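Only one structure is covered here, and it is reproduced in the block below.
A quick note: this is a predicted structure, and the numbers were derived from the prediction, not measured.
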Amino acid sequence: VQPVESGGALVHPGDSLKLSCVSENGATFDDYAIGWFRQAPGKEREGVSCISSSDYTKDYADSVKGRFTISTDNAWNTVYLQMDNLQPDDTAVYYCAAVIEGDYNDCLHTDDMDYWGKGTLVTVSS
């Protein structure tokens, strides 16, 4: 798989935005865990949310719990990140990443992920 992100935009505080991740070669993600990560200027890349295709478990960073929701379509063609009540601190480049199921410890850890997209920019500003 080769993740490709889309949906980044400039939004105002309190707005919502939905990011999408697909595989560039048309492959599905049904044998992978998919994570969303972000990197703000001058900061390290951090895990935001991830979902497992084997047991459908989802995990979230504390900073986004209750505001962000990860989901997928039935065929695991696309993984989404619904982001509500966006705040300026959410401004970052958002990356989608994949790792084969069973081949990781924590899909919120950047070091555990094998395949990365190039990112999509989300800017939250008034």
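When every heavy atom of S125 is checked against every heavy atom of H12, the shortest pair comes out as O-ND1, 3.1 Å.
Annotation: cation-pi pair R45/Y95 present, NZ/CZ under 6.0 Å from the ring centroid and within 45° of its normal.
Contact check on E5 versus K118 returns no salt bridge, with no Lys/Arg side-chain nitrogen under 4.0 Å from an Asp/Glu carboxylate oxygen.
A chain of hydrophobic side-chain contacts below 4.5 Å, direct or via other Ile, Leu, Val, Met, Phe, Trp or Tyr residues, connects L121 to F37. Residues Y94 and V11 are members of one and the same hydrophobic cluster, defined by side-chain heavy-atom contacts under 4.5 angstrom among Ile, Leu, Val, Met, Phe, Trp and Tyr. Residues Y104 and W36 are members of separate hydrophobic clusters, defined by side-chain heavy-atom contacts under 4.5 angstrom among Ile, Leu, Val, Met, Phe, Trp and Tyr. The hydrophobic clustering, which links ILVMFWY residues whose side-chain heavy atoms are closer than 4.5 Å, places F68 and V79 together. Both V48 and L19 are members of a single hydrophobic cluster when ILVMFWY side chains are connected at heavy-atom separations under 4.5 Å.
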ask   = Are Y32 and W76 close enough, and set up right, to give a ring pair (Phe, Tyr, Trp, His ring centres under 6.0 Å), and what steps lead you there?
value = CA-CA 9 Å; Y32 295 82; W76 285 85; 9.9 Å; no
query = Between M83 and V122, is a side chain to side chain contact (heavy atoms under 4.5 Å, CB included) present by the stated rule, with each step listed?
reply = CA-CA 10 Å; M83 305 184 294; V122 174; 3.9 Å; yes
request  = Applying side chain to side chain contact (heavy atoms under 4.5 Å, CB included), run through I100 and D31 and close with a yes or a no.
outcome  = CA-CA 6 Å; I100 292 174; D31 290 324; 5.6 Å; no
query = What do the steps show when you test T120 against S6 for side chain to side chain contact (heavy atoms under 4.5 Å, CB included), and what is the final call?
reply = CA-CA 6 Å; T120 186; S6 62; 5.7 Å; no
request  = In sequence, state the C-alpha distance, the side-chain angles, and the governing distance for C21 and T78, and then conclude on side chain to side chain contact (heavy atoms under 4.5 Å, CB included).
outcome  = CA-CA 5 Å; C21 176; T78 307; 5.8 Å; no
inquiry  = Please determine whether side-chain hydrogen bond (donor to acceptor under 3.5 Å, both in side chains) holds for the pair T28 and N77, giving the CA-CA distance in whole Å, both sets of side-chain angles, and the decisive distance to 0.1 Å.
reply    = CA-CA 5 Å; T28 63; N77 291 316; 5.3 Å; no
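Atom CD of Q82 has more than 12 neighbouring heavy atoms from other residues, nucleotides or ligands inside a 6.0 Å radius.
Using a distance-only test at 3.5 Å, with no hydrogens or angles considered, a donor-acceptor pair links the side chain of S23 to the main chain of Q2. Under the 3.5 Å distance criterion, the side-chain polar atoms of E101 are matched with a main-chain donor or acceptor of S53.
Looking at heavy atoms from C-beta onward, Y60 lies in side-chain contact with K58 at the 4.5 angstrom threshold.
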